[in-house]
Amino acid sequence: MAAISCTHCGADLTAPQSVRIAEYQFGHLEKVSEDPGFKYHFEQADNFTILCNSCKRLVRTLPIAK
């Protein structure tokens with residue numbers, strides 16, 4: 001099996017803590033009278049990204065399967 005590497009810097013992405021996975025949370029704010037003055041309503045995220053920890057660049061964006 002070939003090693004998975006970053007297309008930008010060539011770092012080995014199979015090493016521990018070599019990638020950062022970010023899930024995008026979409027939603028909206030609602031004004032409320034309690035502190036802090038708003039409430040956030042989460043909606044289903046539709047994609048996530050894989051970032052290289054060495055060069056901090058985007059490796060891939062993938063859809064979240066439902």
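The chain is numbered in sequence order, starting from 1.
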Could you report the tightest heavy-atom contact between [X] and [Y], atom names first, then the distance?
| X | Y | value |
| --- | --- | --- |
| T61 | T49 | OG1-CG2, 3.5 Å |
| N53 | V19 | ND2-O, 3.9 Å |
| C55 | H8 | SG-CB, 4.1 Å |
| C6 | V59 | SG-CG2, 4.5 Å |
| S5 | G10 | CB-O, 3.8 Å |

State, with a plain yes or no, whether a side-chain heavy atom of [X] is found less than 4.5 Å away from one of [Y].
| X | Y | answer |
| --- | --- | --- |
| L62 | N47 | no |
| C52 | S18 | no |
| H28 | E43 | yes |

message = Can you tell me if K56 has over 12 outside heavy atoms packed within less than 6.0 Å of its NZ?
response = yes
query = Do F42 and Y40 make the cut of ring centroids closer than 6.0 angstrom?
reply = yes
ask   = Does L13 share a hydrophobic cluster with F48, counting links as ILVMFWY side-chain heavy atoms below 4.5 Å and allowing steps through other members?
value = yes
ask   = Out of curiosity, does L58 fall in the hydrophobic cluster containing I21 (side-chain heavy atoms, cut-off under 4.5 Å, transitive links)?
value = no
query = When rounded to the nearest 0.5 angstrom, what distance separates CZ in R60 from OG1 in T7?
reply = 10.5 Å
